[in-house]
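Accompanying notes for the structure given below.
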Amino acid sequence: MLSLLPYYLGQGLRSLRRTPVLTGLMVLSIAMGIGAAMTTLTVRHLLSGDPLPGRSQHIYYPQIDATPSEEPRPNPLDMLDYTTAVDLWRAARADRQALVVDSPVKLQAPDSGEPASMATMLSTTADFFPMFQVPMAWGSGWSAEDDERRARVAVISWDLNQHLFGGTDSTGKMLRIRGSDVRIVGVLAPWRPSPQFYTVAGGRFAQGDTASYYAKPEDVMVPFFTGLQLNAGNFRQFTCWALPERPGHLENSPCVWLQLWVQLDDSAKVAGYRQFMDGYVRQQHELGRIRQTDNVRLPSLMQWLDYNGAVPRDARLQSWLALAFLGICLFNTIGLLLAKFLRRSGEIGVLRALGATRSMVFMQCLVEAALIGLAGGLAGLGLTLLGLWNVRQQPLEYADMVHLDLPMLALTFALAVAATLLAGVLPALRASRIDPALQVKSL
């Protein structure tokens with residue numbers, strides 16, 4: 001059968017050239033379906049991808065409910081209060097761990113000549129950089145000792161370094177944050193995790209705000225306790241169960257506003273950390289600080305993203321609509337192929353009378369459908385690139401990240417050919433069952 005493939009290809013090309021209008025309609029139908037489907041699937045692939053491939057299964061997000069309510073809650077709040085977060089961090093029961101909180105800040109480079117501007121600052125701990133494999137263009141992150149001694153050091157983003165220092169190595173230079181000078185010890189390489197997983201929270205309750213998950217990384221990163229000093233009064237609470245005495249100063253306030261990420265390298269360590277969390281909650285319950293002893297969670301990174309609905313609802317809906325449109329295009333192609341093959345009933349009858357088997361006719365028709373699928377894939381690729389270009393023009397946080405990578409490029413052609421082969425099965429099967437006697441008699 002494979003030895004006849006060149007013959008089938010030749011016959012298929014000749015058949016397609018004989019009916020250019022019908023061929024064009026089928027190619028256009030497949031191309032439009034593929035273009036719509038691949039545009040939306042590429043966007044969804046970007047939004048729902050693993051931000052830490054090969055490592056996400058070792059990253060966990062501890063949750064403990066410190067609210068004073070006696071009523072049971074189905075899930076703890078999305079963030080931790082200061083006391084709980086710092087207690088867990090200081091216990092150092094994980095392979096790596098990082099406290100995380102972001103805040104708006106006013107900064108300036110004293111020697112750059114640029115005026116002060118508003119930016120976003122991430123206050124975190126030293127393990128943040130190796131745990132999340134943050135790439136560095138120059139320098140490095142700070143040390144655990146810098147965390148403890150509240151060192152005035154900072155790591156800045158690639159974009160901020162481009163803006164303030166012209167893209168040169170700025171390690172060792174000074175940066176002024178709210179009137180205090182810090183020394184730059186590292187500059188990030190271009191880095192854009194998708195989504196920005198380490199600040200994801202609240203998506204389950206604020207689905208419309210998921211675009212913030214795809215913003216660029218913070219402009220400047222400083223040691224956690226240093227950040228609390230530098231930007232005191234400017235931190236935002238996530239949820240409070242009482243009015244803070246000093247809004248923005250949240251160290252010992254009745255609010256949750258911090259995130260803690262931990263790295264646990266095997267299942268035994270995951271179980272051990274969960275037992276540690278349960279023990280901590282029981283201890284705090286005896287002290288009267290925590291009421292809910294059963295509301296403890298330890299989701300993995302991907303479980304946490306799924307819980308928070310990190311993939312926008314409109315992206316999911318558009319994907320299903322595009323696949324439905326592809327299905328409509330396939331049904332249209334089935335009808336056109338069926339009409340095309342049945343118009344050749346006399347030719348097929350002669351082939352059968354000359355000794356061609358049903359399987360040979362079936363394969364010839366299927367190869368012709370595959371050629372249409374290949375042409376539709378090429379045209380669909382062009383429409384996909386056009387669709388993705390249109391997405392990049394939209395005012396979306398993730399618009400500049402949308403592109404067609406190699407796996408999605410391969411999927412474009414595979415989907416086009418597979419879809420057309422699927423559409424061609426019924427017409428090819430119908431053509432292979434044409435009675436040669438009836439067709440030859442009618443000639």
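Position 1 is the first residue of the sequence; numbering continues from there.
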Does [Y] offer a backbone N or O that forms a donor-acceptor pair with the side chain of [X] under 3.5 Å?
X: Ser56; Y: Pro53; answer: no
X: Thr168; Y: Phe165; answer: yes
X: Asp127; Y: Gln97; answer: yes

side-chain contact (heavy atoms from CB on, under 4.5 Å) involving Thr39 - partner list, sequence neighbours excluded: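 Partners of Thr39 by the side-chain contact (heavy atoms from CB on, under 4.5 Å) criterion, ordered by chain and then number, come out as Thr384, Leu388, Val391.
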Side chain to side chain contact (heavy atoms under 4.5 Å, CB included) evaluation trace for Phe197 with Trp304: CA-CA 9 Å; Phe197 59 92; Trp304 181 242; over 6 Å; no
Identify each donor-acceptor pair in which a side-chain atom of residues 368-378 lies under 3.5 Å from a protein atom, sequence neighbours left out, and give them as a table.
{"from": "Glu368", "atom 1": "OE1", "to": "Ser15", "atom 2": "OG", "distance (Å)": "3.3"}
{"from": "Glu368", "atom 1": "OE1", "to": "Arg344", "atom 2": "NH1", "distance (Å)": "2.8"}
{"from": "Glu368", "atom 1": "OE2", "to": "Ser15", "atom 2": "OG", "distance (Å)": "2.9"}

So do [Y] and [X] actually touch side chain to side chain, heavy atoms under 4.5 Å?
X: Val256; Y: Leu80; result: no
X: Asp219; Y: His163; result: no
X: Ser123; Y: Phe235; result: yes
X: Thr199; Y: Glu218; result: yes
X: Leu305; Y: Pro51; result: yes
X: Arg96; Y: His58; result: no
X: Leu230; Y: Val105; result: no
X: Ile30; Y: Met26; result: no

Using residues 325-336 as the side-chain source, report each donor-acceptor pair under 3.5 Å to any protein atom, sequence neighbours left out, with the distance given to one decimal.
{"from": "Asn332", "atom 1": "ND2", "to": "Ser29", "atom 2": "OG", "distance (Å)": "3.3"}
{"from": "Thr333", "atom 1": "OG1", "to": "Cys329", "atom 2": "O", "distance (Å)": "2.9"}

Rounded to the nearest 0.5 Å, how far apart are [atom1] of [X] and [atom2] of [Y]?
X: Ser300; Y: Tyr61; atom1: OG; atom2: OH; answer: 13.5 Å
X: Met79; Y: Leu260; atom1: CE; atom2: CG; answer: 12.5 Å
X: Leu41; Y: Ile34; atom1: CG; atom2: CD1; answer: 9.5 Å
X: Arg178; Y: Lys106; atom1: CZ; atom2: NZ; answer: 10.0 Å
X: Leu258; Y: Tyr82; atom1: CG; atom2: OH; answer: 8.5 Å
X: Lys269; Y: Tyr60; atom1: NZ; atom2: OH; answer: 12.0 Å

Least distance between heavy atoms, [X] atom then [Y] atom:
X: Tyr273; Y: Pro62; value: CE2-CG, 4.0 Å
X: Pro135; Y: Trp191; value: CD-CD1, 3.4 Å
X: Ala137; Y: Trp158; value: CB-CZ3, 3.9 Å
X: Arg297; Y: Pro74; value: NH2-O, 2.9 Å
X: Ile184; Y: Ser170; value: CB-O, 3.7 Å
X: Leu323; Y: Ala37; value: CD2-CB, 4.3 Å

Are there over 12 heavy-atom neighbours, none belonging to [X], within less than 6.0 Å of that residue's [atom1]?
X: Met32; atom1: CE; answer: no
X: Asp294; atom1: CG; answer: no
X: Lys173; atom1: NZ; answer: yes

Test item: side-chain donor near acceptor, Asn231 and Ser103, under 3.5 Å: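 The answer is yes; a qualifying pair exists.
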Do Thr67 and Asp65 have a side chain donor and acceptor closer than 3.5 Å?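 Yes, a side-chain donor-acceptor pair sits under 3.5 Å.
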Looking at Trp89, Trp261, Tyr198, Phe224, which one forms a ring-ring contact (aromatic ring centres under 6.0 Å, His included) with Phe128?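 When ring-ring contact (aromatic ring centres under 6.0 Å, His included) is applied between Phe128 and each of Trp89, Trp261, Tyr198, Phe224, only Tyr198 qualifies.
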Audit row: Val296, Arg274, side chain to side chain contact (heavy atoms under 4.5 Å, CB included) steps and yes/no: CA-CA 8 Å; Val296 178; Arg274 177 57 192 263; 3.8 Å; yes
Show, in sequence, the C-alpha distance, side-chain angles and deciding distance for Thr120 and Asp102, and conclude whether the side-chain hydrogen bond (donor to acceptor under 3.5 Å, both in side chains) test is met. CA-CA 7 Å; Thr120 306; Asp102 60 2; over 6 Å; no
Applying side chain to side chain contact (heavy atoms under 4.5 Å, CB included) to Leu164 and Ile156, what does each step give before you reach the verdict? CA-CA 10 Å; Leu164 294 181; Ile156 65 174; 5.9 Å; no
Take Met277 and Tyr280 through the side chain to side chain contact (heavy atoms under 4.5 Å, CB included) test and state the conclusion after the steps. CA-CA 5 Å; Met277 291 174 64; Tyr280 173 79; 5.6 Å; no
